[in-house]
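Worksheet: the structure to be examined is printed underneath.
Source: prediction; values computed, not measured. Every chain is numbered from 1 and lettered A, B, ... according to where its sequence line falls, protein lines coming before strand lines.
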Amino acid sequence: MKKILQITLGIITSVGGFLEIGSVTTAAQAGALFGFQLLWAIALGTICLIFLVEMSGRLAAVSKHTIVDAMRERFGFPFFFFVLIGMVLVAFLVLIAELGGIGFALQILSGLGFPLWALPVSLVVWLMMWKGTFSLIENGASLLGLVTISFAVAAWKLNPDWSSVGASLLPTLPEQDKVKYGYLAVSILGASISPYLMYFYSSGAIEDEWDRSYIAMNRVIAGFGMTLGGVLSICVLIVAAIALRPKGVQVDTFPQAALLMTTALPRWGFYLFAFSMLFACFGAALEISLAIAYFFAQGFNWNWSENLEPSKNARFAFVYTIIILVSAVPLMLHVDPIRVTMLAMALTSATLPLAIVPFLFLMNDPIYLGKYRNGWITNSVVGIVVLISFVLAIISIPLQIFGG
Amino acid sequence: MDLVRDVLDKKLVDREQCDMGRASGLIMQFGEKTQPHITHILIGGPTLWMRIHPALGRASEKLARLWGPKSKEPVRIPWSHVETVGKDIKLDVVAKDTGALDWEIWIARHFIERIPGGGHEEEE
Amino acid sequence: MDLNVELLVGTTVYDANGEKVGRIEEFRVEQDGKSCRIESYLIGASALVERMSAWTLVRPIARGLRSRHVLSIYEVPWQDMDLSDPKRPRLKIAKSDLRHAR
Amino acid sequence: MAAKLLPIGLLISALACKPPSASEQMDSAVSWVGTAGMAGEAWLRHASPDKYTRQTLELSHKSLIDIGTSLLKSLPAGIDSATVDSALARSSTHIALMAQLVEQKNSPDFRTLLDSLYADERVVKQLADSVEAKEQ
C-alpha cells in the first residue's frame, strides 16, 4: 500500500515537474512553424530520458552513489572538473531562462516588465531553498506544476487529426527552412533530455534512502512519469500547430506564447497558460538550483542535504545562494529569456556526450552495479540518441547562428 | 586493492560518520631498496588544482594564504588512521580537529550565519 | 623520499634502454594492519580500462576490432621501478622482459 | 568541449547574424498582425488583462513599423513596394488605434477595428505569399 502511494506520488511529481520554459518554448515554436512535423523529436527525447532517469535511480538504489559521486570517484578530479564546468555553465543558462519564464508570467499577468521581477523572483526562489525541505520542494512545486495538464485539455478540445499526429512520430525533412528545422529538433532534444533532471533524481533517491527493493518502483516511476510528461510536451506542440500555425503566428516573444491556449480554452486559456508557466518555471528553477549545489557538494563531499538548516551545510547553501543571485543579473539587464532558452537547450544537446558518456561507463561498472548493470538494449538506445543529438547540434548550431 | 580505483577521490568520513571531503591526494614514501608505502592521505584545494595544472596549484596556494580560513593546507591524515576502505574511507579521527572542515566553518561564520534564518553551525 | 601518487598517475615510463613503455595508470597495493605497501605498478592503455572498471564496455569493442593490443597490461613489480626522478620514471629492466598481467 | 563552445556561442549569438530575407520579414509581419488579432479577440471575451492586451498591441505596432522600414530596402523585383508599405502601414495604424481603445475600454469600436484588421491580415498574407513566390 505504502509502495503504491510512493509510486503515485513519484509519477505525479514527474508529470508536474516535466514541463518548463525549455520544453514549452521549443514545442510551441516547433508547432507554430512546422505543424506536427517535429513530434518525433519530443518522442525520441522522451524515450531517451526514460532510460536515463531509470538509470540514475538504479545507480543510487544499488550503489548508494549519486551520478556525481560515482563520476568523481571513477574518473578522477581533472575529468570531473571539466564536466563540472560544462554542466554548471549550461545549467546556469537554463536557470536564467526559468527565472525569466517566471518573470514573464508575472509580466503578462500584471503588466510590469520582467526585468523588474528578476530580483524579487530570485529572492523567492532562494528563500524556498533556504527555508524549505527536499520534500516540500519536490512535492509542493510539482503539485503546483500539475496545472500544466491544462495543455492536455487544450489539445483534446482542439480535436487534432490523430492519424497525422501518429504519422509525425517518424522523422521527415521539411521542404524549406531546413536549418531552422534542425535547430528546433536539437533544442527539443536538449529540452527533453535535461541532465539536471538526472542529477536531481539520483540525489533525491539518496535523500530518500532508496535501496535495492526500490528498483522495480523506480522503473515504474521513470516509465510512466516521463511518458506522461512527454505527452504533455506533445500537447503543447499540437496546440501551437492547430491554434497558431494557420494564422502564421510565431512564438518569438513571450506575449505571443501567451496566446497559445486562448483558442482552445477561450475563457481561461490565457490565465491557465500564465499560471502553468509561473508554477512550472518556479519548480524547475528550484530543481536546477538544487542540482547545481548538489553537483558541487557531492563532487567535493561536503555536507549536503536540503533538509538541514543552512549553517549545517554552509558550502552547499553558499553555492546555491551565489548561483541564484547571479542569475538574476542578466535578466535585470533585459536579456531576452526566450533567446537564452533556445541557446541553453541547443547547448544542452551539444554537451550531452559530456554528461551521458561517462554515465554510460558507470552504468556498466560491475563494482557499482553488480548484476544490475545496463543491458545492451539500454546502452544502445541511450548511446544512439546521444549521438544523434550531438551530431544534429554540431551541424545546426553554427548554421543557425551564421545563417540568420 | 588498487590505489587510484579504490582509494583516490573516495569519500572520507570520520568516527561520527561526518563527511570530510574526498581523498585529493596520497603521499608515498620510498627508498633505494625499501618497498614503497603510503604514509598520508591529503585533502584540500591546492592538492586538487595541482592535478589539473601545476600553475593552478600554485595560484590556489597563494589565494588560500590571502583569503579564507588561512589554515595550513593541505590537510594530511596519516594512513595509520584509516579504519576501512569500502564504499567510503572510514577514518579514526574527529573531522573538526583535522582541519578538513576549516572552509565549511569559515563560510558558515562569515556568510551563512549572518543571513537571517541561517542558524548556527555549532548548535547540536 | 616522498612522492605524490596522484601526480604520478599518467606519467610516461621508459625502460632501462630508454624505450617508451606507457603511462602509469594504477598502483596495486597490499593493505595489512596499519600499513599500505605498493606491490606493483600497472602500465599501459588497458591499465586505464582496468582502473575505470570498464571491461564490460571495452572488451566487446576491442574484440570486435580484433585488437590484442588493447587487452594487454604491463604489471611492473616495485623492485623493477626506479622513481628517483619522479618526472621521468624508469624501469630497471628492458621492456621485453616485462610480464603481461593479462 | 562545452567550456570552450559556450563563450564562443554566446559571443556569436550576441553579435547577431545576417539580415533576414524579405520573405522571412513578411512572415514576421503576418505573425505580428495575427498576434494582434488573437490578443484582441481574447480581450473582447474579457479573457485577458487590459495591460497585457495594450502592451502586446503596442509591441505588434512597433514591430510592424520596424519591419516596414527594413523590408522596403530588400523587396525582390516585381513586388510593388508602395503596396507592401501601405498594407503594413494600414495594419499598424489599426493596431495602434486598438491599443488606445483598450485604454478607453471601448469594446464596440474595438470590434469594428478588429474586423478591419482581419481584412488587413488577408492582404498581408497574400503579399507574403507573392514575395515568397518571387524569391524562389
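- Listed for the Glu309(A) side chain is no donor-acceptor partner under 3.5 Å among the backbone atoms of Gly117(B).
- Note that CD1 of Ile107(B) is 11.5 Å distant from CG of Asn313(A), once rounded to the nearest 0.5 Å.
- Note on Leu12(B), Leu101(B), Asp19(B): by heavy-atom pairs under 4.5 Å with chain A, the leading option is Asp19(B).
- Looking at heavy atoms from C-beta onward, His65(A) lies in side-chain contact with Lys87(B) at the 4.5 angstrom threshold.
- Contact between Arg72(A) and Leu48(B) at its shortest, heavy atoms only, is NH2-CD2, 3.4 Å.
- A distance of 11.5 Å separates NZ of Lys64(A) from CG of Asp88(B), quoted to the nearest 0.5 Å.
- For the pair Phe77(A) and Leu8(B), the minimum side-chain heavy-atom distance is 4.5 Å or more.
- There is no contact between Leu127(A) and chain B, counting heavy-atom distances below 4.5 Å.
- Ile52(B) is listed as a side-chain neighbour of Phe81(A), based on a closest heavy-atom distance under 4.5 Å.
- Enclosure of atom CZ in Phe361(A) is not indicated, since only 12 or fewer non-hydrogen atoms of other residues, nucleotides or ligands lie within 6.0 angstrom.
- Side chain of Trp103(B) to main chain of Arg315(A): no donor-acceptor pair is present (N/O by atom type, distance under 3.5 Å, no hydrogens or angles).
- Side chain of Arg22(B) to main chain of Gly299(A): a donor-acceptor pair is present (N/O by atom type, distance under 3.5 Å, no hydrogens or angles).
- When side chains are defined from C-beta on, Ile115(B) counts as touching Trp126(A), because their heavy atoms get closer than 4.5 Å.
- Side-chain contact between Asn301(A) and Met20(B): absent, with no pair of heavy atoms (C-beta onward) separated by less than 4.5 Å.
- Between the Ser311(A) side chain and the Ile112(B) main chain, no donor and acceptor come within less than 3.5 Å of each other.
- Two residues are said to be in side-chain contact when any heavy atoms from C-beta on lie closer than 4.5 Å; Arg74(A) and Asp9(B) fail this criterion.
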